[in-house]
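Before any comments, here is the structure.
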Amino acid sequence: MSEHQSEFIQTLVERGFLHQCTDLEALDTKAAEGMITAYVGYDATADSLHIGNLVSIMMLHWLQQTGHRPIVLMGGGTTKVGDPSGKDETRQLLSDDKIGLNIDSIRRTFDAFLSFGDSGKDAIMVNNAEWLDTLAYIPMLREIGRHFTINRMLTFDSVKLRLDREQPLTFLEFNYMILQAYDFVELARRHDCVLQMGGSDQWGNIVNGIDLGRRVAERELYGLTTPLITAASGAKMGKTADGAVWLSADRFSPYDYWQFWRNTEDADVGRFLKLFTDLPLDEIGRLEALEGAEINDAKKILANAATRILHGEAAASEAAETAEKTFESGVTADGLPTTEMPRGELGDGVALFALMARAGLASSNSEGRRLIKGGGARVNDVAISDENYQVGLDALNEEGVIKLSAGKKRHALIRPV
């Protein structure tokens with residue numbers, strides 16, 4: 001017998017999505033009684049979302065899969081203000097045209113996870129500029145602003161962080177939490193939306209919306225947050241030496257995306273399978289029980305499943321095939337050049353710039369340095385920016401080679417002998 005009444009809440013709990021909920025029992029009952037509508041908001045600060053957004057995207061996916069209606073709220077209005085949550089400085093303000101282009105680009109990502117349409121159960125994408133752009137300042141202050149006290153607003157982490165560090169927090173940004181709360185009320189009025197979901201850093205903003213909904217619309221609303229996802233090592237999820245892991249193929253190739261998941265730490269495989277794939281839980285249970293070299297098979301399944309959801313079956317298969325040819329065969333079908341080196345020499349460590357030259361990826365040590373400083377050098381698909389970086393035997397992958405790359409198209413293997 002399941003622990004929770006609704007399939008939706010049971011799924012979130014079993015797969016590790018649930019961190020906090022304003023009234024879990026009441027929300028569970030409501031979701032068990034019939035279809036509910038829930039939303040997650042995304043500001044359009046770039047033309048792609050990144051892997052840090054993936055937990056909430058998957059939560060919307062499971063919301064729809066368990067019979068409920070997701071709303072993707074694009075912050076065409078709030079992007080003009082800037083969310084101070086987790087930020088040390090003011091965001092760069094974008095033009096209306098740029099925000100519109102970003103939203104159009106981001107929409108393509110959601111098409112991979114959600115089914116959009118006109119029926120009552122299909123997902124919808126809404127832009128909060130529809131109501132925020134038309135607000136009149138004085139009526140807004142009278143209707144909404146009077147329900148917020150400066151005393152309470154100063155207690156929220158997004159504000160305290162900036163003030164404690166004596167970093168500027170503009171009056172523009174200070175209004176963000178009011179606008180986000182107002183979004184929840186508008187979605188409740190327009191679409192009968194009863195639940196806002198988001199990351200744990202959004203808890204204060206979500207609670208504000210619930211309180212405002214009760215005060216100005218007499219609606220019972222709910223909030224649910226996910227935990228902050230970090231790797232077992234404590235590293236922030238979704239960061240590589242080359243920057244963010246973007247969800248758009250134009251910014252981060254399907255092959256690089258596959259490799260990101262393939263390089264998951266052993267201790268994270270089971271957790272990430274639950275959060276970032278749609279594989280059944282019994283299959284995940286089998287995979288996370290694997291040990292030793294077999295855990296690498298689970299990592300490949302994770303990489304295949306995560307890449308398939310975002311980029312499709314063909315892209316996932318191609319990435320897996322490329323990786324197999326590159327690492328498991330020692331060379332690729334394109335004939336990656338392989339340089340053999342004495343194991344003892346690598347044991348002492350070799351400067352990457354010299355190794356790039358030795359492998360034929362740079363014409364000289366100086367060019368190797370320039371390549372590294374320019375961000376074009378990679379070791380095992382990880383970008384290296386330190387021109388004095390040393391490569392040793394600890395860089396060997398499980399196939400016993402070191403892959404060097406100059407840019408995205410030139411590769412070579414180093415094999416110790």
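Residue numbers count from 1 along this sequence. Model, not experiment: these values are computed from the prediction.
Taken to the nearest 0.5 Å, the CD1 atom of I124 stands 11.5 Å off from the CG atom of L114. Here the NE2 atom belonging to H311 is positioned 8.0 Å from the OG1 atom belonging to T109, to the nearest 0.5 angstrom.
Counted by atom type alone, S405 and H411 present one or more donor-acceptor pairs between their side chains at under 3.5 Å. Side chains of S317 and E313: a donor-acceptor N/O pair is present below 3.5 angstrom, by distance only. There is no side-chain donor-acceptor pair under 3.5 Å between N102 and S105. Side chains of T29 and Q5: a donor-acceptor N/O pair is present below 3.5 angstrom, by distance only.
A search for side-chain contact (heavy atoms from CB on, under 4.5 Å) contacts involving A217 returns V185, R189, R219, not counting sequence neighbours. Legend: residues meeting side-chain hydrogen bond (donor to acceptor under 3.5 Å, both in side chains) with R370, ordered by chain and number and at least two apart, are absent. Not counting sequence neighbours, the partners of A267 by the side-chain contact (heavy atoms from CB on, under 4.5 Å) test are A232. In this structure R262 satisfies the side-chain hydrogen bond (donor to acceptor under 3.5 Å, both in side chains) test together with E398, sequence neighbours excluded. Under the side-chain contact (heavy atoms from CB on, under 4.5 Å) criterion, N128 pairs with L73, T78, W131, L132, D183, sequence neighbours left out. Under the rule for a side-chain contact (heavy atoms from CB on, under 4.5 Å), the partners of K373 that lie at least two apart in sequence or sit in another chain are E387.
Heavy-atom contacts from other residues, nucleotides or ligands closer than 6.0 Å to CD of Q20 number more than 12. Counting heavy atoms of neighbouring residues, nucleotides and ligands inside a 6.0 Å radius, atom CD of Q65 exceeds 12 of them. Counting heavy-atom neighbours within 6.0 Å of K30 NZ, excluding the residue itself, gives a total of 12 or less.
Within the structure, ring-ring contact (aromatic ring centres under 6.0 Å, His included) contacts touching residues 194-229 (residues at least two apart or in different chains) do not occur. Every pair passing salt bridge (charged side-chain N to carboxylate O under 4.0 Å, His left out) that includes a residue from residues 45-66 is listed here, sequence neighbours excluded: D47-R251. Residue pairs meeting the ring-ring contact (aromatic ring centres under 6.0 Å, His included) criterion with at least one partner in residues 370-397, sequence neighbours excluded, are absent. Counting only residues at least two apart or in different chains, salt bridge (charged side-chain N to carboxylate O under 4.0 Å, His left out) contacts with residues 66-77 are absent.
Remark: D268 engages R271 in a salt bridge, criterion side-chain N to carboxylate O under 4.0 Å. We find that R286 and D282 are not joined by a salt bridge, their nearest charged nitrogen and carboxylate oxygen being 4.0 Å or further apart. For D211 and R214, the salt-bridge test passes: some basic side-chain N is under 4.0 Å from an acidic carboxylate O.
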*Could you go through the side chain to side chain contact (heavy atoms under 4.5 Å, CB included) check for I414 and L404 one step at a time?*
CA-CA 8 Å; I414 301 293; L404 303 180; 3.8 Å; yes
*Go through the steps for D43 and Y176 under the test side chain to side chain donor-acceptor pair (under 3.5 Å), then give the verdict.*
CA-CA 11 Å; D43 280 343; Y176 188 93; 2.7 Å; yes
*Determine, stepwise, if the pair T225 / Q202 fulfils side chain to side chain donor-acceptor pair (under 3.5 Å).*
CA-CA 7 Å; T225 63; Q202 293 297 313; over 6 Å; no
*Between I51 and W261, does a side chain to side chain contact (heavy atoms under 4.5 Å, CB included) hold up when you go through it step by step?*
CA-CA 11 Å; I51 211 166; W261 294 110; 3.2 Å; yes
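The heavy-atom pair separating I206 from G198 by the smallest distance is CD1-N, 4.1 Å. For T66 against W62, the heavy-atom pair with the smallest separation is OG1-O, 2.8 Å. In this structure, R15 and L279 approach most closely via the heavy-atom pair NH2-O, 3.0 Å. Between I402 and G392 the shortest heavy-atom distance is CD1-O, 3.9 Å. Across every non-hydrogen atom of I103 and A44, the tightest pair is CG1-CB, 3.6 Å. Contact between P254 and A315 at its shortest, heavy atoms only, is CB-CB, 4.0 Å.
With contacts defined as side-chain heavy-atom distances shorter than 4.5 Å, the pair T226/L18 does not qualify. A 4.5 Å side-chain heavy-atom check between V216 and Y182 finds every atom pair outside the cut-off. Annotation: side chain of L12 is not in contact with side chain of H19 (no heavy-atom distance under 4.5 Å). Residues R343 and L396 form a side-chain contact, since some pair of their non-hydrogen atoms from C-beta on lies under 4.5 Å apart. Using a 4.5 Å heavy-atom cutoff, the side chains of M58 and T277 are not in contact. Here the side chains of L310 and W258 are not in contact, with every heavy-atom distance at 4.5 Å or above. Between I178 and M140 the shortest side-chain heavy-atom distance falls below 4.5 Å. Counting heavy atoms from C-beta outward, K403 and V379 have side chains that stay 4.5 Å or more apart.
Without hydrogens or angle criteria, D122 side chain to S119 main chain gives a donor-acceptor distance under 3.5 Å. Put simply, the side chain of D28 never gets that close to the backbone of I9: no donor and acceptor are under 3.5 Å apart. With T22 contributing its side chain and G223 its backbone, the two residues share a donor-acceptor pair below 3.5 Å. At distances below 3.5 Å, at least one donor-acceptor pair connects side-chain atoms of N127 with backbone N or O atoms of G76. The backbone N or O of H50 lies less than 3.5 Å from a partner atom in the side chain of N53, making a donor-acceptor pair. Side-chain N or O atoms of N380 include one that pairs as donor or acceptor with a backbone N or O of A395 at under 3.5 Å. N263 places a side-chain N or O within 3.5 Å of a backbone atom of Q259 that can act as its donor or acceptor partner. At least one donor-acceptor pair closer than 3.5 Å links the side chain of N397 to the backbone N or O of V401.
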Throw together a table of side-chain donor-acceptor distances under 3.5 angstrom for residues 31-40, partners on residues two or more places apart or in other chains.
from	atom 1	to	atom 2	distance (Å)
Y39	OH	Q196	OE1	3.3
Y39	OH	Q196	NE2	3.0

Could you give the side-chain donor-acceptor pairs of residues 141-150 under 3.5 Å, partners two or more places apart or in another chain?
from	atom 1	to	atom 2	distance (Å)
R146	NE	R142	O	2.7
H147	NE2	E143	O	3.4
T149	OG1	R152	N	3.2

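A distance below 6.0 Å separates the ring centres of Y42 and F110. A ring-centre distance under 6.0 Å is not found for W246 and Y257.
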